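Here is the structure we will look at.
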Amino acid sequence: MSGRAGVVNSTVSPRRKSRRKSKEKGQARFRRPADASGRVAKGGRVIRARGTESAGEWFEKLVALQAQLRAPGGCPWDREQTHESLRKYLVEETYEVVDAMEAGDAREFASELGDLLLQVVFHSVLADEAGRFTIADVIESIHSKMVRRHPHVFGDVKAATSAEVLKNWEQLKTEERAAEGKSAREKEAGGSILARVSRSLPAALEAYELTRRAAKIGFDWDNVEGIFDKIEEEKREILSVMGATKNDGRGRIEEEAGDLLFAAVNVARFLDVNPEIALKKANRKFKKRISWMEGAARTEAKRLADLPRARMEELWDESKKAQRSKRNL
């Protein structure tokens, strides 16, 4: 977990520090790539843990370890945590899993998945202490759900395509919720189709989920051109309020800027692109280009910040060409 404290008010997790050092040293705790029989795979990326313990045995060890950290005499930091205090780590670890997956490093991917699994275990241990549920309840719940949601595999329902599978999945979800009754969140929202979209999601992902669910009942644009028209409309509205006084126009500008971003998210959704992942990639691309520009400026014995804007624009174009050339190698 990152951002957690070895001493309560510290800002860096001791686990994160040790994990980073482990990664830098090549993570000797992993074997060389091997196949399912334990042999070294030629050019393979499969990772096998040391020892003969099964996945179930390792999982039980992890649960017991986290329970020990929470027990009297355990870790002071772990003992102070709550579901609420751990929320930011759950989100952060999820993003780090995605980063590792896209980097293509199997060892890092496995390590980050482990960090995410720890979050599931940690929350389950907290819930067990409070008498709410156990890790066994968590596992049984998802196992039963997966069997129930795949009647085309475990039952006699027919589903020949992915589209048919998804259609059945949504129908089963609706039936399950009807049988279980409305959740507290759904009751608060008056049974809205958007009630189950978490308000704690990152803004772009929340907008994606809200509009995706609305689209399922037919409330959507007919084509992507309609969304581009909406973007033009929002742009004009921003321009119309930019001349307002600070006191009168600041809130309106923020609102209109939000509408513009919301419309842009819909472009991604309409094109079947996850906006959060797409924006993350755009962020990384921007960082790489700026880093390239900084390096180019150093070759001129200057800082990027000291270059005139026109030269910055030239370097930006050169950085784009360099990235394209690298991709084509």
Side-chain angles (χ1 to χ4, degrees), residues 1-6 10-36 38 40-41 44-71 74-129 133-143 145-146 200 202 205 276-277 280 284:
M1 297 179 298
S2 64
R4 53 161 289 178
S10 176
T11 58
V12 181
S13 162
R15 292 181 193 170
R16 175 71 70 185
K17 285 181 179 178
S18 63
R19 194 184 74 198
R20 295 303 184 205
K21 290 178 182 178
S22 173
K23 289 179 181 177
E24 292 169 1
K25 293 179 181 178
Q27 295 189 347
R29 58 196 168 103
F30 288 105
R31 288 186 183 276
R32 294 174 60 195
D35 61 20
V40 174
R45 301 296 295 167
V46 181
I47 296 173
R48 294 286 178 262
R50 293 187 181 279
T52 59
E53 291 91 341
S54 67
E57 290 171 325
W58 275 114
F59 187 76
E60 289 182 355
K61 287 183 178 182
L62 177 60
V63 175
L65 182 149
Q66 189 57 49
Q68 182 179 354
L69 291 174
R70 286 280 299 176
C75 172
W77 186 91
D78 287 79
R79 286 175 54 80
E80 292 178 359
Q81 299 315 300
T82 65
H83 291 298
E84 290 72 24
S85 69
L86 292 174
R87 286 181 301 181
K88 58 184 177 182
Y89 304 123
L90 181 59
V91 173
E92 179 181 326
E93 299 299 356
T94 301
Y95 279 115
E96 294 201 358
V97 167
V98 175
D99 286 341
M101 178 176 61
E102 293 178 350
D105 187 318
R107 290 177 175 81
E108 184 181 0
F109 192 14
S111 178
E112 297 296 352
L113 283 171
D115 291 342
L116 184 57
L117 177 60
L118 176 61
Q119 292 299 309
V120 176
V121 170
F122 205 150
H123 281 282
S124 299
V125 168
L126 290 175
D128 193 1
E129 293 172 356
F133 58 82
T134 68
I135 188 65
D137 295 322
V138 173
I139 298 170
E140 187 279 331
S141 174
I142 187 57
H143 182 277
K145 181 185 292 184
M146 292 301 288
S200 63
L205 191 54
E276 197 72 23
I277 293 176
K280 281 284 185 179
R284 287 195 291 273

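None of the values given here were measured: they were computed from a predicted structure. Throughout, numbering of the chain's residues begins at 1 and tracks the sequence.
Side-chain atoms of Arg79 do not come within 3.5 Å of backbone N or O of Leu69 as any donor-acceptor pair. The backbone N or O of Arg107 sits nowhere less than 3.5 Å from a side-chain atom of Ser111 that would complete a donor-acceptor pair.
Partners of Val138 under the side-chain contact (heavy atoms from CB on, under 4.5 Å) rule, at least two apart in sequence or in another chain, are Val120, Ser124, Phe133, Ile135.
Looking at every heavy atom in both residues, Gln119 comes nearest to Leu86 through OE1-O, 3.8 Å. Of all the heavy atoms in Pro202 and Tyr95, the pair that sits closest is CG-OH, 2.9 Å. In this structure, Val63 and Val125 approach most closely via the heavy-atom pair O-CG2, 4.3 Å.
Rounding to the nearest 0.5 angstrom, the gap separating the CD atom in Glu80 from the CZ atom in Arg70 is 9.5 Å. For the atom pair CG of Leu113 and CD of Glu93, the computed distance is 10.5 Å after rounding to the nearest 0.5 Å. Residue Gln81 holds its CD atom at 9.5 Å from NE2 of His123, rounded to the nearest 0.5 Å.
Counting heavy atoms from C-beta outward, Val98 and Glu112 have side chains that stay 4.5 Å or more apart. Side-chain atoms of Ile277 and Glu102, non-hydrogen and from C-beta on, do get closer than 4.5 Å to each other.
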Given Asp78 and Gln66, is the side-chain contact (heavy atoms from CB on, under 4.5 Å) satisfied, shown in steps?
CA-CA 8 Å; Asp78 287 79; Gln66 189 57 49; 3.0 Å; yes

Using the salt bridge (Lys or Arg N to Asp or Glu O under 4.0 Å) rule, take Asp99 and Arg284 through it: C-alpha gap first, then chi angles, then the decisive distance, then the call.
CA-CA 10 Å; Asp99 286 341; Arg284 287 195 291 273; 3.0 Å; yes

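The local environment of CD in Gln68 is sparse, with at most 12 non-hydrogen atoms from other residues, nucleotides or ligands closer than 6.0 Å.
Salt bridge status for Glu53 with Lys61: present, with a side-chain N to carboxylate O gap under 4.0 Å.
Between Trp77 and Phe122, the ring-plane angle classifies as perpendicular under the 30° and 60° cut-offs.
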